[in-house]
There are 2 protein chains.
Amino acid sequence: MARHPVRAAGDRTPTVYDVADRASVSIATVSRVLRTPDAVREATRERVLDAVRDLGYVPSGNARALAGRKTGVIGLCFPGHDALEEEDRPAPELTDGVRVVDDRRRGAAPQSPNLYFDEVLRGAEVEAWRRGFALMVAAGRGPARDVIVNDIAGRVDGLAVLARTVSDDLLVHVARRLPVVLLADAARTGAEPPDGLDHVSVDNAAGMQALVTHVVERLGVRDLVYVAGPADSPDDAERQRGLFAALDAAGLDRAVVEHVRGDFRRDTGDAAVADLLGRRVPRALVCANDQSALGALDALRRRGLRVPDDVYVTGFDGLDVGRFTEPPLTTVAQPMAELGRAAVRAVVDRLADPGAPLLSSRLPVQVLLRESCPPVDTSM
Amino acid sequence: MARHPVRAAGDRTPTVYDVADRASVSIATVSRVLRTPDAVREATRERVLDAVRDLGYVPSGNARALAGRKTGVIGLCFPGHDALEEEDRPAPELTDGVRVVDDRRRGAAPQSPNLYFDEVLRGAEVEAWRRGFALMVAAGRGPARDVIVNDIAGRVDGLAVLARTVSDDLLVHVARRLPVVLLADAARTGAEPPDGLDHVSVDNAAGMQALVTHVVERLGVRDLVYVAGPADSPDDAERQRGLFAALDAAGLDRAVVEHVRGDFRRDTGDAAVADLLGRRVPRALVCANDQSALGALDALRRRGLRVPDDVYVTGFDGLDVGRFTEPPLTTVAQPMAELGRAAVRAVVDRLADPGAPLLSSRLPVQVLLRESCPPVDTSM
DNA sequence: ATGAAAGCGCTAACAA
DNA sequence: TTGTTAGCGCTTTCAT
């Protein structure tokens with residue numbers, strides 16, 4: 001068994017010139033063999049391919065991109081993965097020991113990593129592959145964010161950026177060089193979104209409106225509490241708009257709805273709700289996202305309240321876990337993977353036709369009625 | 001509001017030369033301002049920066065990488081996302097309609113996308129960011145796989161590849177050009193893993209052994225069924241090794257264990273188990289992964305069998321959903337994100353010291369005992 | 001502190 | 001069918 005890396009430390013990585021030499025052809029022919037094989041006589045091609053094999057030649061993507069004026073890469077930037085960025089854990093243990101731990105339920109469930117971005121990323125990856133592009137990702141954290149985005153912008157053909165990842169200024173700056181599409185940029189409070197960019201987002205407001213309409217009109221609930229997200233979240237703002245729209249349409253006073261300010265995380269959903277429940281128990285708890293709803297479910301269970309019999313609970317996002325909770329969680333499913341795909345599609349389209357009119361698409365959402373807030377009132 | 005993209009269709013993207021012209025300096029100075037700002041007089045620097053701003057200049061990463069002989073990018077290759085690759089769904093609807101659907105539990109749960117890779121990717125991304133690298137991903141599908149990997153290999157400084165993504169030949173080929181680390185390459189059946197590469201994997205065998213030891217020794221189970229994975233899965237092979245090791249150590253005949261061949265997917269776990277249960281009901285169902293275990297849970301519930309009272313069920317992977325099932329799923333948690341981080345770390349280390357001895361590390365796993373197969377027998 | 005000039009490894013005319 | 005030759009946009013000595 002080898003005791004050292006495949007590549008000897010002193011090896012210079014071979015270039016077209018090396019291959020050309022070894023195959024006794026010009027570098028142009030080497031290039032042709034790789035890019036347009038049919039334009040080369042069979043025998044020559046074989047010789048070149050052999051040389052490639054013998055030398056372990058891998059063409060430099062950078063040189064190729066430079067000469068060809070395109071990279072074949074699309075960049076995807078989104079905010080950092082919160083769960084992992086905070087804890088600065090120790091180096092992993094490399095022991096062979098297997099710990100066996102009692103992990104039965106105790107207290108509130110810890111925050112799980114944000115699955116939202118994972119799915120967007122997955123969708124983007126799939127679409128990029130289909131279109132023959134590679135994908136470069138940067139989940140920005142901290143001040144280095146702008147630097148890295150700028151950096152990435154210089155190595156791709158187009159960029160998809162999730163809202164609020166980087167400053168608008170930077171966005172506009174790089175958009176002068178390459179196509180940029182903005183993802184999930186919900187209605188902003190105050191500032192206008194950067195102009196001149198393609199947008200792809202999800203219809204938060206309509207989804208929440210449909211859900212709440214179901215709750216108040218179909219289930220006849222008059223007493224509900226909204227467990228909000230962070231005050232500065234555009235997503236939350238949009239969802240609240242939908243909430244109010246539904247109330248208005250049903251002729252309900254907005255004041256009937258109490259707001260509990262959460263932060264989209266599971267433990268807060270839990271804490272905020274636990275606090276609220278000490279005072280009063282509404283008929284329905286409409287949560288701004290699934291994580292909070294999961295927290296609420298936990299809090300309710302610990303207080304011995306039954307869902308949906310005593311309280312209806314709804315979430316928003318459509319996380320997979322929602323199908324496995326007890327009871328399964330009613331929610332509004334966002335087409336997250338679809339969002340990623342649509343983003344890549346938008347970039348590629350813009351690349352193909354730089355002059356096309358600006359795109360601003362909203363992907364439809366879906367209300368999934370499950371046991372935590374069922375299609376009809378089954379509590380009687 | 002703008003009705004056209006920021007970048008006018010005819011704009012040539014500005015280069016160092018344009019910036020240099022506008023700032024009345026040489027291109028060398030422009031480069032210095034960007035790379036080593038302190039080596040430039042303040043006034044000059046300002047002028048250059050202004051020009052950068054005015055022109056919307058973003059340096060070409062490719063040119064930079066070419067001249068600098070390094071890209072600052074690490075590549076990550078893994079097998080395609082199965083869930084999405086199969087269905088070739090229609091273009092998304094762009095209507096504003098919100099569908100409201102009854103999504104209450106009916107029958108087996110559909111397959112959810114493979115969360116395994118998502119987490120590895122997340123870990124890799126975090127570590128890459130920390131080390132100042134960008135990450136380029138390719139989830140290969142189909143025959144184009146090798147092509148794209150080769151392609152990516154040409155545009156990164158190092159590569160992390162999940163086992164079985166591409167042919168060994170290709171792996172060895174590209175490893176001659178840059179550092180390659182192989183991920184989760186479990187013991188193979190037959191062929192030797194490519195030599196001369198760094199390896200990072202997870203201790204499948206030890207994990208399964210610890211889990212089964214618990215089942216047979218602590219819980220005293222003698223009648224168990226193993227719901228296996230695909231016959232060609234090295235992961236499954238390792239887990240089976242662990243299973244047998246535990247049986248041997250407990251003095252149990254391997255023949256007491258019936259194998260049900262599954263394929264790691266939720267619906268098969270369900271189908272295979274449903275079939276089995278028609279014939280006999282063992283005391284414990286040891287599943288090769290969590291997805292199958294989830295399917296098993298479903299099948300058991302539909303037959304009115306109680307977990308853990310009638311049957312113990314265990315999984316393997318440590319997916320987050322396992323904490324929310326009824327009952328919560330006992331499993332072996334793989335440090336998936338850690339795997340991604342370790343991979344990037346290995347690549348970066350190899351880059352730093354090409355001559356270092358080969359790395360072959362196994363990350364420890366953790367047995368999580370939850371209600372589906374608890375620490376002690378509580379059924380009496 | 002700044003400039004001139006030589007590449008980095010490849011593609012794409014244009015010639016032959 | 002194959003070779004010659006300009007760049008692609010940047011970094012980096014080496015001078016000045």
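All figures in this text were calculated on a predicted structure; none of them were measured in a lab. No hydrogens, no waters, no symmetry mates; every other heavy atom, side chains included, goes into these values. Protein chains get the first letters and strands the later ones, always in sequence-line order, with residue 1 at the start of each.
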Take the C1' atoms of the five end pairs on each side of the helix from C:dA1-D:dT16 to C:dA16-D:dT1, get both axes, and report the angle to 10 degrees.
30°
Please enumerate all residues that pass side-chain hydrogen bond (donor to acceptor under 3.5 Å, both in side chains) together with A:Asp151, with sequence neighbours excluded.
none
Would you say B:Thr15 places a side-chain N or O within less than 4.0 Å of OP1 or OP2 belonging to D:dG9?
no
Is a salt bridge present between B:Glu125 and B:Arg130, judged by a nitrogen-to-oxygen distance below 4.0 Å?
no
side-chain hydrogen bond (donor to acceptor under 3.5 Å, both in side chains) partners of B:Arg131, counting only residues at least two apart
B:Glu127
Any A:Thr29 side-chain nitrogen or oxygen under 4.0 Å from OP1 or OP2 of D:dG3
yes
Partner residues of B:Arg22 under the side-chain contact (heavy atoms from CB on, under 4.5 Å) criterion, sequence neighbours left out
B:Ala51, B:Asp54, B:Leu55
Run the side-chain contact (heavy atoms from CB on, under 4.5 Å) test against A:Arg69 and tell me which residues pass, sequence neighbours left out.
none
Residues in side-chain hydrogen bond (donor to acceptor under 3.5 Å, both in side chains) contact with A:Thr71, at least two apart in sequence or another chain
A:Asp157
Where is the tightest heavy-atom contact between A:Leu178 and A:Ala153, given as atom of each residue plus distance?
CD2-O, 3.0 Å
For nucleotides 14-16 of chain D, tabulate all protein N/O to nucleotide N/O atom pairs closer than 3.5 Å, reporting atom names and distance.
none

I'd like the 5' and 3' limits of the part of DNA chain C contacted by chain A, with heavy-atom contacts below 4.0 Å.
C:dG9 to C:dA13
With sequence neighbours left out, what residues match B:Asp18 under side-chain hydrogen bond (donor to acceptor under 3.5 Å, both in side chains)?
B:Arg12
Which ones in residues 53-73 of chain B lie close to DNA chain C, meaning a heavy atom under 4.0 Å from one of its atoms?
B:Leu66, B:Ala67, B:Arg69
Counting the atoms with a prime plus P, OP1 and OP2 as sugar-phosphate, which does A:Val25 contact under 4.0 Å by heavy atoms, base, sugar-phosphate, or nothing?
sugar-phosphate
List the atom pairs, with distances to 0.1 Å, where a side-chain N or O of residues 29-46 of chain B and a protein N or O form a donor-acceptor pair under 3.5 Å, not counting sequence neighbours.
residue : atom : partner : partner atom : Å
B:Arg45 : NE   : B:Pro37 : O            : 3.3
B:Arg45 : NH2  : B:Val40 : O            : 3.3

Less than 4.5 Å apart, side chain to side chain, heavy atoms only: is that true for B:Arg155 and A:Val73?
yes
By side-chain contact (heavy atoms from CB on, under 4.5 Å), which residues pair with B:Asp169, not counting sequence neighbours?
B:Ser167
